[in-house]
Novice: 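Quick one: the structure is below, questions incoming.
The figures that follow rest on heavy atoms only: side chains count, while hydrogens, waters and symmetry mates do not. This is a predicted model, so every value here is computed, not measured.
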Number of protein chains: 2
Amino acid sequence: MSSLPLHERIRQEVESSILSGELRPGDRISSEFELMAHYGCARMTVNKAMSALAAAGLIDRRKRAGSFVARPRNVAMMLDVPDLMSEVMGRGQRYAYRQLSRQIADTAHDRQAFAELGAVGRVLRLSGLHVADDTPFAFEERIINLALVPEIEQADFSQEPPGTWLLKHIPWTEAENRIGALGASREHARALGIAIGESCLAIDRHTWRATDSVTFVRQVFVAGTYELVARFGPSRPPA
Amino acid sequence: MSSLPLHERIRQEVESSILSGELRPGDRISSEFELMAHYGCARMTVNKAMSALAAAGLIDRRKRAGSFVARPRNVAMMLDVPDLMSEVMGRGQRYAYRQLSRQIADTAHDRQAFAELGAVGRVLRLSGLHVADDTPFAFEERIINLALVPEIEQADFSQEPPGTWLLKHIPWTEAENRIGALGASREHARALGIAIGESCLAIDRHTWRATDSVTFVRQVFVAGTYELVARFGPSRPPA
DNA sequence: CAGTGGTCTAGACCACTGA
DNA sequence: CAGTGGTCTAGACCACTGA
């Protein structure tokens with residue numbers, strides 16, 4: 001039973017040739033005209049398959065020359081960056097957000113806020129804990145551009161954390177994440193119940209709406225309690 | 001000067017409506033027939049634009065019902081996972097790999113190798129340091145399936161690290177990365193010149209060729225010396 | 001200059017599914 | 001059952017660029 005569309009079948013067959021090693025980097029792939037003849041289909045169907053492989057970075061296409069298996073350099077992996085509340089609840093655990101601090105500031109006087117968001121004016125600064133089954137697993141420190149989201153001043157974070165609130169109210173954004181490690185500061189240590197200097201995973205995320213900064217957040221996870229997963233490949237990895 | 005293909009212009013215009021908030025999650029997008037009329041083009045052109053948005057996860061398409069702005073849940077970010085040697089040299093620094101240990105084992109007797117790769121038989125176990133401008137910045141511990149890459153037993157890692165060697169000899173693979181933090185072990189600490197327990201970023205990468213395990217590697221970076229960057233969005237984030 | 005990919009057209013048939 | 005998206009056809013013209 002193969003109800004697979006033809007363009008998808010072509011894509012998978014060429015992809016398999018590349019991932020199995022039958023076609024090696026630099027090798028030329030049959031031209032669209034040759035593939036048309038081979039599959040007995042229209043050129044658009046072949047083109048759809050090959051365009052998808054080019055978009056995924058597996059092949060390079062050059063006019064007049066043809067299509068070639070690309071060299072795997074900086075492979076772009078797909079990284080899942082889930083909403084923490086959804087993720088915790090998805091594992092069947094209870095989720096809670098505990099606010100630790102709240103403060104209105106202005107990028108004109110708050111140098112850190114200015115450094116992260118630029119000159120956006122009034123900002124809301126929050127810090128809090130993400131808690132799964134009564135155990136804090138992440139500390140977060142957030143700066144929100146109030147010019148863009150004034151109504152967040154009245155928001156209630158007892159049911160959902162600021163990140164989830166923002167996701168609902170500022171639905172689609174552009175984002176940049178920086179992932180690193182750090183040793184727990186005094187504040188992190190007290191909040192997370194660990195020792196100062198203990199190893200933590202840190203995610204710094206800056207999100208924009210068009211050209212305006214929406215929010216900057218640093219989330220700090222105790223080492224071993226949280227992992228990010230990124231994948232590359234046609235299917236999920238074999239078991 | 002807009003030499004942009006029409007399908008790309010349509011994609012960008014709909015994307016802008018979503019990212020600017022003009023269209024909100026759940027909102028219906030004009031049908032392909034309406035967009036055909038609006039842009040005065042063929043349906044395939046509209047379809048190419050909308051299919052790209054659906055592939056990127058920005059819209060959901062349902063037969064009979066139409067196309068709708070998706071809810072931003074687990075957004076898939078693009079994570080750059082560069083080759084360490086290329087990255088260091090791309091920054092204009094000198095790169096070197098220093099091998100620390102080398103050992104042939106068998107998954108029949110080596111429990112850790114079996115746990116990571118499965119029952120693949122003979123394996124090569126390596127540990128070494130990635131060095132930029134004479135400063136070690138990453139420790140790596142690697143297990144390689146010799147059944148798949150027997151010639152690596154004779155390879156010389158003085159010019160390129162095992163990862164780069166594998167990239168050249170086993171060009172395209174599937175991969176899964178797990179990114180977390182850990183405290184430096186005694187071995188990490190000695191190799192990297194840091195204190196035991198000091199915070200480190202750890203990347204565990206398992207790569208496959210079709211259904212066969214090729215290699216498992218853990219790379220450990222001193223906190224603050226290395227960051228991973230992941231992005232989501234139509235363009236690069238504003239400055 | 002000739003082969004290749006990039007794009008686009010104006011149709012077509014179909015599966016699906018919600019009004 | 002009618003509107004929608006999914007797919008596909010058989011053409012077309014063009015820009016590019018390497019033989």
Novice: Rounded to the Å, how far apart are His7(A) NE2 and dG5(D) C1'?
Specialist: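 Taking NE2 of His7(A) and C1' of dG5(D), I get 12 Å after rounding.
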Novice: Rounded to whole angstroms, how far apart are CG on Leu4(B) and P on dC14(D)?
Specialist: 20 Å
Novice: Write down the distance between OH (Tyr39(B)) and C1' (dT7(C)), rounded to a whole number of angstrom.
Specialist: 17 Å
Novice: Does Ser51(B) reach a base, just sugar-phosphate, or nothing at all? Heavy atoms under 4.0 Å.
Specialist: nothing
Novice: Taking atom P of dG5(D) as reference, at what distance in whole Å does atom CD of Glu34(B) sit?
Specialist: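 That distance rounds to 8 Å.
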Novice: Please report, rounded to the nearest Å, how far the C1' atom of dG5(D) is from the CZ atom of Phe68(B).
Specialist: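 Whole-Å distance recorded here is 11 Å.
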Novice: What does dG3(D) pair with, Watson-Crick or G-U, if both distances are under 3.5 Å?
Specialist: dC16(C)
Novice: Can you tell me if Lys63(A) touches the phosphate of dG3(C), counting only side-chain N or O atoms and a distance under 4.0 Å to OP1 or OP2?
Specialist: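 It does not, given that no N or O in the side chain of Lys63(A) lies less than 4.0 Å from OP1 or OP2 of dG3(C).
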Novice: Pick the nucleotide of DNA chain D nearest each of Arg43(A) and Glu8(A); which residue has the one closer to the 5' end?
Specialist: Glu8(A)
Novice: Side-chain N or O of Lys48(B) versus OP1/OP2 of dT7(C): is the shortest distance under 4.0 Å?
Specialist: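 So the side chain of Lys48(B) is within the cut-off, an N or O lying under 4.0 Å from OP1 or OP2 of dT7(C).
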Novice: Exactly one of Asn145(B), Thr207(B), Asp204(B) should register a side-chain contact (heavy atoms from CB on, under 4.5 Å) with Phe216(B). Which one does?
Specialist: Asp204(B)
Novice: Whole Å only: how far is the CE atom of Met36(A) from the P atom of dT4(C)?
Specialist: 12 Å
Novice: Out of curiosity, Met77(B) CE to Leu79(A) CG, how far, rounded to the nearest 0.5 Å?
Specialist: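 Spacing of CE (Met77(B)) from CG (Leu79(A)) equals 7.5 Å.
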Novice: Look at the side chain of Arg64(B) and the base of dA19(C), then say whether one donor and one acceptor between them are separated by less than 3.5 Å.
Specialist: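 No pair found.
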Novice: Would the distance check show the side chain of Ser16(A) and the main-chain N or O of Gln12(A) forming a donor-acceptor pair, the cut-off being under 3.5 Å?
Specialist: yes
Novice: Please figure out whether Met50(B) or Leu6(A) has its closest DNA chain D nucleotide nearer the 5' end.
Specialist: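 So the residue in question is Met50(B).
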Novice: Taking only the side-chain nitrogens and oxygens of Ser67(A), find out if one of them lies under 4.0 Å from OP1 or OP2 of dG5(C).
Specialist: yes
Novice: Please figure out whether Arg62(A) or Met44(A) has its closest DNA chain C nucleotide nearer the 5' end.
Specialist: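 It is Arg62(A) whose nearest nucleotide is closer to the 5' end.
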Novice: Who is the Watson-Crick or G-U wobble partner of dT9(D), with both distances under 3.5 Å?
Specialist: dA10(C)
Novice: Whole angstrom is fine here: how far is it from CZ in Arg9(A) over to C1' in dT7(D)?
Specialist: 15 Å
Novice: Parallel, tilted or perpendicular for Tyr95(A) and Phe137(A), by the 30°/60° rule?
Specialist: perpendicular
Novice: Measure from the side-chain N and O atoms of Ser17(B) to the backbone N and O of Leu23(B), and report whether any donor-acceptor pair falls under 3.5 Å.
Specialist: no
Novice: In whole angstroms, how far is the P atom of dA15(D) from the CZ atom of Arg61(A)?
Specialist: 19 Å
Novice: Is any side-chain nitrogen or oxygen of Thr45(B) closer than 4.0 Å to OP1 or OP2 of dT9(C)?
Specialist: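 Yes, such a contact exists.
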